Amino acid sequence: MCSSDLASVGRGIVHVPFVMGAIGIFHSVPESDFGSSGEVDLSACLLAKIFSRTVTTWDHADILAENPGFSPPAGQNINVVHRTLGSSSTAGTTEYLATACPAEWSADNTGSTVTWAEDTVAAQGSGGVSASISENAYSIGYLDSGHGHDDNLSEVALQNADGIYRSEERRVGKECRSRW
C-alpha cells in the first residue's frame, strides 16, 4: 500500500507483499503452418517429450495427431529454450511435467536446477527466453505469461484434465490482459 492508503486506514495494519506469476509455454511457429485451430495444441506428455528431446521435429506423428491441419516443413527441428539455473519458472514447469506426465518426465529432474539435453538453448530470465523464441522460428519455451503476452508471443494451448486444449490467451482474452 502507498503512504496515502495506509494513512486512510486509520489504524495499524500489517502489509505483507505477495507476488505470484503464471508460467506459460510459448512458441514461434509461423502462423502459415497452423491448422484450422490457429494454434499449437499439446498435451502434457507431448510437451514433456519435446522438452526431454524425445520428440525433436515439428512434423513428428504425435504433434500432427494433436494438431489436425498443422503443416510445418518436413524435419523442422524444435528449438527448445529454457531458463538458466536457479529459475522458479523452471521449477514450476518441471514439477508440472513430472506431475502431469510422470511416464515422460522424471520427478528426479524437477526443481529450479535441472539437467537439460545438450541441444537445447539456455537463456537468462524471461526476457532472454522471449528474445530467443522471437528471434528463432520454430522455437518453444516457458516463461512468465505476462512477459510472453507483452512480447506478443504465441502461447501453446495445453490439454487440461478434461481433454480440452486451453491457452491463457483464450481463457483471459486480450481485452482483459490490457488491464493487468
Side-chain angles (χ1 to χ4, degrees), residues 22-83 89-90 92-94 96-105 109 114 116-123 126-178:
I23 302 165
I25 310 298
F26 293 90
H27 68 88
S28 59
V29 174
E31 287 185 28
S32 59
D33 294 351
F34 291 146
S36 59
S37 71
E39 63 189 18
V40 174
D41 296 340
L42 297 175
S43 65
C45 288
L46 186 48
L47 182 62
K49 288 178 183 180
I50 290 169
F51 281 177
S52 68
R53 304 299 287 151
T54 302
V55 169
T56 60
T57 62
W58 283 106
D59 66 338
H60 189 279
D62 291 353
I63 294 175
L64 296 178
E66 289 189 20
N67 294 275
F70 182 53
S71 58
Q76 178 61 56
N77 183 56
I78 301 171
N79 302 310
V80 174
V81 184
H82 59 85
R83 293 280 303 266
S89 59
T90 299
T93 301
T94 58
Y96 161 72
L97 294 173
T99 301
C101 193
E104 297 298 334
W105 195 273
N109 200 29
V114 300
W116 292 95
E118 288 183 22
D119 63 343
T120 60
V121 177
S126 288
V129 173
S130 180
S132 185
I133 292 171
S134 294
E135 295 166 5
N136 298 287
Y138 298 101
S139 294
I140 189 170
Y142 58 90
L143 63 146
D144 80 80
S145 287
H147 203 123
H149 290 295
D150 287 347
D151 289 348
N152 294 313
L153 293 176
S154 297
E155 189 172 6
V156 168
L158 291 174
Q159 186 181 46
N160 67 19
D162 294 328
I164 299 169
Y165 293 95
R166 296 274 212 170
S167 68
E168 180 68 20
E169 184 169 342
R170 201 171 348 151
R171 281 193 302 269
V172 176
K174 291 182 180 181
E175 69 284 350
C176 292
R177 277 199 323 278
S178 66

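Atoms considered below: every heavy atom in the structure, side chains included; atoms not considered: hydrogens, waters and symmetry mates. Given the structure is predicted, the values throughout are model-derived calculations rather than measurements.
Under the rule for a side-chain hydrogen bond (donor to acceptor under 3.5 Å, both in side chains), the partners of D62 that lie at least two apart in sequence or sit in another chain are K49. Considering only residues two or more places apart in sequence or on other chains, T120 meets the side-chain hydrogen bond (donor to acceptor under 3.5 Å, both in side chains) condition with H82. Under the side-chain hydrogen bond (donor to acceptor under 3.5 Å, both in side chains) criterion, S126 pairs with D144, sequence neighbours left out. Residues passing the side-chain contact (heavy atoms from CB on, under 4.5 Å) test with P30, sequence neighbours excluded: S32, D33, Y138. In this structure, the salt bridge (Lys or Arg N to Asp or Glu O under 4.0 Å) partners of D119, at least two apart in sequence or on a different chain, are R53. Residues satisfying the side-chain hydrogen bond (donor to acceptor under 3.5 Å, both in side chains) test with N109, not counting sequence neighbours, are none. Residues meeting the side-chain contact (heavy atoms from CB on, under 4.5 Å) test with N152, sequence neighbours left out: none. Scored by the side-chain contact (heavy atoms from CB on, under 4.5 Å) test, S139 finds S28, N79, V81, I133, N136 as partners (sequence neighbours excluded).
Considering CG of L143 and CD of E155, their distance stands at 9.0 Å, rounded to 0.5 Å. Rounding to the nearest 0.5 Å places OG of S145 at 8.5 Å from CD1 of I25. L46 CG to L158 CG: the interatomic distance, rounded to the nearest 0.5 Å, is 10.0 Å.
Across every non-hydrogen atom of A65 and P68, the tightest pair is O-CD, 4.2 Å. Considering all non-hydrogen atoms of both residues, N77 and W58 come closest at O-CD1, 3.5 Å. Shown here for Q159 and S43, the closest heavy-atom pair between the two residues is OE1-CB, 3.2 Å. Summarising the geometry of F34 relative to F70, their closest heavy-atom pair is CA-CD1, 4.1 Å, with the distance given to 0.1 Å.
In this structure, the side chains of L47 and T93 stay at 4.5 Å or more apart for every pair of heavy atoms. At least one side-chain heavy atom of S130 sits less than 4.5 Å from a side-chain heavy atom of L153. Side-chain contact check for V40 versus I63: every heavy-atom pair is 4.5 Å or farther apart. Side-chain contact check for E39 versus D41: some heavy-atom pair is nearer than 4.5 Å. Counting heavy atoms from C-beta outward, V129 and Y142 have side chains that stay 4.5 Å or more apart.
Side chain of N160 to backbone of D162: a donor-acceptor contact under 3.5 angstrom is found. Counting only distance, with no hydrogens or angles, the side chain of S132 and the backbone of G128 share no donor-acceptor pair below 3.5 Å.
A donor-acceptor pair shorter than 3.5 Å cannot be found between the side chains of S52 and E104. Judged purely by distance below 3.5 Å, without hydrogens or angles, the side chains of Y165 and E66 pair a donor atom with an acceptor atom.
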